[in-house]
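Step one of this worksheet: look at the structure below.
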Amino acid sequence: MNSIFSKIINKEIPSDIRYEDDLCIVIDDINPKAEVHLLIIPKKNIKNINSANQEDQMILGHLLLVCKKLAKDLKIADSGYQILTNVGEGGGQTVMHLHFHLLSGNAVTL
Ligand code: AMP
């Protein structure tokens, strides 16, 4: 099923896209939980990590390297940041299209 993120990827609804390439887009979270709160979203409609397959290995690695690039560009690489992905309703996932949260500024403590 298509999520709000599919509509953003397909430019059916407007958003400030902070980064885009063939495999992913990056947007600001609409309800930021930290000073920096970006969402790194694959263009492929993968529901969450549970739904990822071996064939998605390259996409998953790419998403992490995009996080690293964004952290460098935003000058938070040295001060530190978090990469988080929620899996399923019990894991706090509200949008059922895989995404990594990139957070910096007020760390979520585990
Ligand atoms: P999760 O709870 O891990 O599924 O994260 C979904 C995130 O998407 C939440 O942090 C929301 O604030 C964010 N979100 C929902 N709709 C939008 C939107 N239209 N644009 C940007 N972020 C959104």
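When a ligand or atom number is given, it counts from 1 through the structure's own listing order.
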What residues, two or more places apart in sequence or in another chain, satisfy side-chain hydrogen bond (donor to acceptor under 3.5 Å, both in side chains) together with Asp28? Arg18

Give a yes or no on this: more than 12 heavy atoms of other residues, nucleotides or ligands lie within 6.0 Å of atom CG of Asp78. no

Check: every ligand 1 N/O to protein N/O pair under 3.5 Å:
| unit_1 | atom_1 | unit_2 | atom_2 | d |
| --- | --- | --- | --- | --- |
| ligand 1 | 2 (O) | Gly92 | O | 3.0 |
| ligand 1 | 2 (O) | Thr94 | N | 3.3 |
| ligand 1 | 2 (O) | Thr94 | OG1 | 2.9 |
| ligand 1 | 3 (O) | Asn86 | ND2 | 2.8 |
| ligand 1 | 3 (O) | His99 | NE2 | 3.0 |
| ligand 1 | 3 (O) | His101 | NE2 | 2.8 |
| ligand 1 | 4 (O) | Thr94 | N | 2.7 |
| ligand 1 | 4 (O) | Thr94 | OG1 | 3.2 |
| ligand 1 | 4 (O) | Val95 | N | 3.0 |
| ligand 1 | 4 (O) | His99 | NE2 | 3.1 |
| ligand 1 | 5 (O) | His99 | NE2 | 2.9 |
| ligand 1 | 5 (O) | His101 | NE2 | 3.3 |
| ligand 1 | 10 (O) | Asp29 | OD1 | 3.3 |
| ligand 1 | 10 (O) | Asp29 | OD2 | 2.5 |
| ligand 1 | 10 (O) | Lys33 | NZ | 3.3 |
| ligand 1 | 12 (O) | Asp29 | OD1 | 2.6 |
| ligand 1 | 22 (N) | Ile30 | N | 3.1 |

Show every salt bridge (Lys or Arg N to Asp or Glu O under 4.0 Å) that has at least one partner inside residues 42-59, sequence neighbours left out. Glu20-Lys43, Lys44-Glu55, Lys44-Asp56

With respect to Ser51, which candidate in Ile46, Leu98, Val87 satisfies the side-chain contact (heavy atoms from CB on, under 4.5 Å) definition? Ile46

Output all residues satisfying side-chain contact (heavy atoms from CB on, under 4.5 Å) with Asn86, sequence neighbours left out; order by chain, then residue number. Leu84, Gln93, His101

Is it the case that His37 and Asn31 place a side-chain donor and acceptor less than 3.5 Å from each other? no

